[in-house]
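Proteins get letters first, then strands, A, B, ... in listed order; numbering begins at 1 in each.
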There are 2 protein chains.
Amino acid sequence: MAADPLSRVFSALADPTRRDMVARLAVGDATVNELAEPYLVTVQAVSKHLKVLQDAGLVSRSRQAQRRPVHLEAEIFDLMTKWIECYRRQAEERYRRLDDLLRSMPDDVEPTPRPQPRQPRQPLTQPQPLKPPQAGAST
Amino acid sequence: MAADPLSRVFSALADPTRRDMVARLAVGDATVNELAEPYLVTVQAVSKHLKVLQDAGLVSRSRQAQRRPVHLEAEIFDLMTKWIECYRRQAEERYRRLDDLLRSMPDDVEPTPRPQPRQPRQPLTQPQPLKPPQAGAST
DNA sequence: GCCGTGGTCAACCAGTTGGTTGAGGAACAT
DNA sequence: ATGTTCCTCAACCAACTGGTTGACCACGGC
């Protein structure tokens with residue numbers, strides 16, 4: 001539950017029902033009952049899904065008489081797209097570099113250009129649970 | 001297991017360890033042992049993570065003597081970014097329209113411009129398990 | 001006040017997930 | 001052939017997830 005924000009967002013969108021709700025909310029705010037209507041699950045289940053989306057920061061909720069309208073907070077998507085773009089770019093650049101390398105040496109070096117045998121760990125994603133105690137060490 | 005591709009990708013990246021591995025792989029291919037080294041989990045656990053990433057189409061693996069180098073397949077990211085962009089754009093456009101609407105009517109209509117009371121369901125994500133039979137489905 | 005509507009909370013259950021250990025397969029070196 | 005290295009498979013376990021039902025809270029209408 002206390003997972004990092006990125007995990008929460010990815011995890012929230014890993015469920016097709018939740019993605020579907022996000023899609024529905026993209027066209028306009030909605031109440032829990034409205035959101036629940038298309039599915040055959042109970043309202044409580046939908047409420048749970050909504051809480052997951054809310055914990056991920058993907059939706060917010062206000063009060064309007066008895067209703068609790070749900071509102072999509074699209075900015076959180078940036079968190080994901082930034083992460084994705086970062087590593088995609090890295091990978092693409094790597095291809096480019098490898099390509100250049102292959103271009104620059106016709107055929108007189110060893111034919112297996114192992115990319116990097118061991119990188120010194122870089123910043124990476126976050127201060128991961130790298131080598132913590134073990135077995136379910138969920139910070 | 002038989003989830004849709006989008007769910008598999010999101011789900012695969014919902015784990016910080018797996019994201020970390022993707023980050024590591026962005027700088028170059030690696031073997032299972034190399035990938036396992038920074039963590040305190042067993043190699044078997046890493047192998048499982050890799051299988052999840054592979055099922056999601058995020059990595060591929062070849063054979064090189066005893067080694068099974070893991071290679072990042074960055075194109076799959078497109079699947080996510082496309083989905084995200086689609087709904088983000090929709091949401092942004094909605095704000096724009098609402099903004100225009102508010103601008104065009106100074107103060108002589110009701111002050112609660114309920115977005116849309118019920119949209120006719122659109123294509124959305126996939127052919128969801130939308131209201132099949134049973135379970136209190138008040139038709 | 002009391003009731004209906006809209007929504008949440010709590011307890012429970014089944015299935016999945018992330019980890020473990022142990023056994024074993026595949027490709028080399030000798 | 002035997003051993004070594006790298007990796008996967010199988011069985012098991014604890015924790016989490018997505019669903020259920022039932023109780024309950026917060027409003028607004030009467």
From A:Phe10 atom CZ to A:Leu79 atom CG, the distance as rounded to the nearest 0.5 Å: 8.0 Å

A:Gln44 (side chain) and D:dG22 (base): donor-acceptor pair under 3.5 Å: yes

Same apolar cluster (I L V M F W Y, side chains within < 4.5 Å links), A:Val52/A:Leu50: no

Sidechain-backbone polar pair: B:Arg8 side chain, B:Ala3 backbone, donor-acceptor under 3.5 Å: yes

Which residue lies more 5' along DNA chain D, comparing A:Arg63 with B:Arg63 via nearest heavy atoms: B:Arg63

Nearest-Å distance for atom pair NZ/C1', residues B:Lys51 and D:dA10: 11 Å

Atom-pair distance (CG on A:Asp15; P on C:dT17), nearest Å: 12 Å

Atom pair distance, as rounded to whole Å: CG in B:Asp55 and C1' in C:dG18: 15 Å

Below 4.0 Å: OP1/OP2 of D:dT8 and any side-chain N or O of B:Arg61: yes

Shortest non-hydrogen separation from A:Ala30 to A:Leu25 and the atoms involved: N-CD2, 3.8 Å

Per B:Gln66 side chain, nearest of listed nucleotides D:dT20, D:dC6, D:dG19: D:dC6

Minimum-distance nucleotide (side-chain atoms of B:Ser47 versus C:dC28, D:dT8, C:dG7): D:dT8

Gap between atoms CG and C1', on A:Asp20 and D:dG18 respectively (whole Å): 16 Å

Nearest to side-chain heavy atoms of A:Val32, which nucleotide of C:dC12, C:dG18, C:dG7: C:dG7

Atom-to-atom span, CZ of B:Arg8 to P of C:dT16 - whole angstrom: 15 Å

Interatomic distance where CD belongs to A:Gln64 and P belongs to D:dC27 [whole Å]: 14 Å

Upstream residue (5' side of DNA chain D) when B:Lys48 and B:Ala30 are each assigned their closest nucleotide: B:Ala30

Value in whole Å for how far the C1' atom of D:dG18 lies from CG of A:Leu13: 16 Å

Phosphate contact (C:dT5 OP1 or OP2) by A:Asn33 side-chain N/O below 4.0 Å: no

Presence of A:His49 side-chain N/O under 4.0 Å of D:dT17 phosphate oxygens OP1/OP2: no

Per A:Arg18 side chain, nearest of listed nucleotides D:dT8, D:dC6, D:dG18: D:dG18

Distance below 4.0 Å between A:Thr42 side-chain N/O and D:dT20 OP1 or OP2: yes

Spacing between B:Arg67 atom CZ and C:dA29 atom C1', to the nearest angstrom: 13 Å

Among C:dG7, D:dT20, D:dC7, the nucleotide that comes nearest once only the side chain of A:Ala45 is considered: D:dT20

Taking every non-hydrogen atom, the tightest pair across A:Ile76 and A:Ala56: CG2-O, 3.6 Å

